[in-house]
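A short worksheet on the structure shown next.
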Amino acid sequence: AVLRPQNWNELAGDDGVRFDFIFTVCDNAMLLPRSMWPGGPLFAHWGVPNPAVTRGGAAEMRRAYLDTFRILANRVGMLTALALASLDRPALQRELDLIGGRRDRSVVAAA
């Protein structure tokens, strides 16, 4: 199978994929209606700067993409470290929101 970016219209709706979590990373995506996702997934906005709009040469572009990758990798690491079975839905939502709101010190340190 070929992996490719997919439009949310391909995944949502009554016959759509049932996700446990939906994470948005750009401000426009967080405005999408949540009711279109079957199964009642938890939502979290883990906004990151868009590296595609970085200006500069190859070094600046590479740094922007690496910074974005580090931010998301840190957040996924925090998610996978959670004791999911011991958290009820409201507690898990709070944790997801906290993870998305934390400053990623590793990116600041790497800059």
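Across Pro38 and Gly16, no two heavy atoms sit closer than the pair CG-O, 3.8 Å. Between Asn50 and Ala52, the closest heavy-atom pair is OD1-N, 2.9 Å. Residue Arg55 comes nearest to Glu60 through the heavy atom pair O-CB, 3.9 Å, listed as atom of the first residue, atom of the second, then distance.
Note that CZ of Arg75 is 11.5 Å distant from CG of Leu98, once rounded to the nearest 0.5 Å. Phe21 CZ to Trp37 CH2: the interatomic distance, rounded to the nearest 0.5 Å, is 15.0 Å. The distance from the CG atom of Leu42 to the CD atom of Glu95 is 12.0 Å, given to the nearest 0.5 Å. Interatomic distance, Ile99 CD1 to Asn74 CG, rounded to the nearest 0.5 Å: 11.0 Å.
Val17 and Ile22 fall within the same hydrophobic cluster, defined by Ile, Leu, Val, Met, Phe, Trp and Tyr side-chain heavy atoms under 4.5 Å apart, directly or through other members. In the hydrophobic cluster analysis, where Ile, Leu, Val, Met, Phe, Trp and Tyr join through side-chain heavy atoms closer than 4.5 angstrom, Val76 is grouped apart from Phe69.
Between His45 and Asp27 the shortest side-chain heavy-atom distance falls below 4.5 Å. Proximity of Arg70 to Asp67: side-chain heavy atoms (C-beta onward) are separated by under 4.5 Å at one or more points. The closest side-chain heavy-atom distance from Ile71 to Pro49 is below 4.5 Å.
The aromatic rings of Phe23 and Trp46 lie tilted to each other, with the angle between the two planes from 30° to 60°.
Electrostatic pairing of Arg94 and Asp97 does not count as a salt bridge here, judged by no charged N lying under 4.0 Å from a carboxylate O.
Listed for the Gln93 side chain is a donor-acceptor partner under 3.5 Å among the backbone atoms of Phe43.
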